[in-house]
Amino acid sequence: MKQKALEYFVNGGCSCSESIVKAAIEQGLCPKEFFPAATAFSGGMSSGCVCGTVAAAQMISGFNNPVDARANAKFIVDEFKKRNKVTCCRILAKGLQGAERKQHCSKFVADVCEIMEELVKVKA
């Protein structure tokens, strides 16, 4: 999942959240109808708040396991914070634009894929 998501993010014209969802669709983790919804999560939900990768992972996780959705959402946030200190897009990408921002944010795409792989036991 990670390689595909990174490919979509870096070279495929997808936003961070779109790349996570597109790779998840290919893994059978969510329906293709999730893709347009993922657009709204990029850029910290277009407000700089929660990183789009985190929001996308929570959406996918909740779809796959609604009973444990809140516990899994907390797991995703906690694991992301262990790696990056915060989940706020505005802080994570502060001062970065264009290709520099894309390169910087590719780490967050990779991190969330690894967290998702652990959470939903997806093959890499």
Side-chain angles (χ1 to χ4, degrees):
M1 181 174 164
K2 182 169 73 170
Q3 269 319 111
K4 278 295 196 178
L6 283 168
E7 180 182 317
Y8 295 138
F9 182 64
V10 175
N11 301 317
C14 289
S15 70
C16 60
S17 53
E18 290 169 340
S19 66
I20 298 291
V21 169
K22 190 168 183 175
I25 290 167
E26 289 183 4
Q27 291 285 320
L29 295 174
C30 60
K32 66 180 188 244
E33 289 80 13
F34 272 31
F35 188 76
T39 301
F41 296 124
S42 59
M45 294 184 252
S46 298
S47 68
C49 288
V50 175
C51 175
T53 63
V54 172
Q58 290 180 333
M59 185 171 69
I60 295 160
S61 173
F63 177 79
N64 280 279
N65 190 351
V67 172
D68 294 324
R70 287 187 175 198
N72 289 343
K74 182 178 179 347
F75 175 82
I76 292 165
V77 168
D78 290 347
E79 290 299 310
F80 191 88
K81 283 183 174 179
K82 281 181 191 174
R83 297 169 184 229
N84 302 294
K85 308 280 189 249
V86 298
T87 59
C88 179
C89 178
R90 193 177 312 123
I91 294 169
L92 291 166
K94 185 174 183 165
L96 301 174
Q97 297 292 327
E100 186 180 19
R101 181 179 177 138
K102 191 78 132 171
Q103 180 61 36
H104 178 75
C105 291
S106 65
K107 178 195 184 312
F108 310 131
V109 171
D111 286 349
V112 163
C113 286
E114 290 169 5
I115 293 165
M116 288 296 297
E117 287 167 0
E118 184 176 335
L119 188 64
V120 295
K121 308 296 186 251
V122 175
K123 293 180 181 175

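- Between Lys81 and Thr87, the closest heavy-atom pair is CG-CG2, 3.9 Å.
- Ser19 and Tyr8 make their closest contact through CB-CB, 3.9 Å (heavy atoms, listed as atom of the first residue, atom of the second, distance).
- Under a hydrophobic-cluster definition in which Ile, Leu, Val, Met, Phe, Trp and Tyr are linked whenever side-chain heavy atoms come within less than 4.5 Å, directly or via other members, Val86 and Val112 are assigned to the same cluster.
- Ion pairing between Lys2 and Glu117 fails under the 4.0 Å rule for side-chain N and carboxylate O.
- Atom CZ of Phe9 is separated from atom OG of Ser106 by 6.5 Å, given to the nearest 0.5 angstrom.
- Between the side chain of Asn64 and the backbone N or O of Leu29, at least one donor-acceptor pair lies under 3.5 Å.
- In this structure, Ser42 and Ser17 approach most closely via the heavy-atom pair N-OG, 3.2 Å.
- The two residues Phe80 and Ile115 have their closest heavy-atom pair at N-CD1, 3.6 Å.
- Shown here for Gly52 and Cys16, the closest heavy-atom pair between the two residues is CA-SG, 3.8 Å.
- Looking at Ser61 and Ile76, their side chains come closer than 4.5 Å, going by heavy atoms from C-beta outward.
- A distance-only check finds a donor-acceptor pair linking the side chain of His104 to the backbone of Leu92 [under 3.5 Å].
- The closest side-chain heavy-atom distance from Glu114 to Arg83 is below 4.5 Å.
- Within 6.0 Å of atom NZ in Lys107, more than 12 heavy atoms from other residues, nucleotides or ligands are found, so the atom counts as buried in its surroundings.
- Side-chain contact between Cys51 and Phe108 is present, with at least one heavy-atom pair separated by less than 4.5 Å.
- Contact detail for Ala5 and Val109: the closest heavy-atom pair is CB-CG1, 3.8 Å.
- Atom CG of Asn72 and atom CG of Asn65 lie 5.5 Å apart (nearest 0.5 Å).
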> Between Thr39 and Ser15, is a side chain to side chain contact (heavy atoms under 4.5 Å, CB included) present by the stated rule, with each step listed?
Replying inline: CA-CA 7 Å; Thr39 301; Ser15 70; 5.8 Å; no

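- The list of salt bridge (Lys or Arg N to Asp or Glu O under 4.0 Å) pairs with a residue in residues 4-32, not counting sequence neighbours, is empty.
- Inter-residue side-chain proximity for Met116 and Cys113 is flagged as unmet; no heavy-atom pair is nearer than 4.5 Å.
- Under the salt bridge (Lys or Arg N to Asp or Glu O under 4.0 Å) criterion, Asp78 pairs with Lys74, sequence neighbours left out.
- In this structure, the side chains of Phe41 and Met59 come closer than 4.5 Å at one or more pairs of heavy atoms.
- The aromatic rings of Phe63 and Phe34 stand perpendicular to each other, their planes meeting at an angle above 60°, with 30° marking the opposite boundary.
- At least one side-chain heavy atom of Ile60 sits less than 4.5 Å from a side-chain heavy atom of Ile20.
- Put simply, the side chain of Gln58 gets close to the backbone of Ala73: a donor and an acceptor are under 3.5 Å apart.
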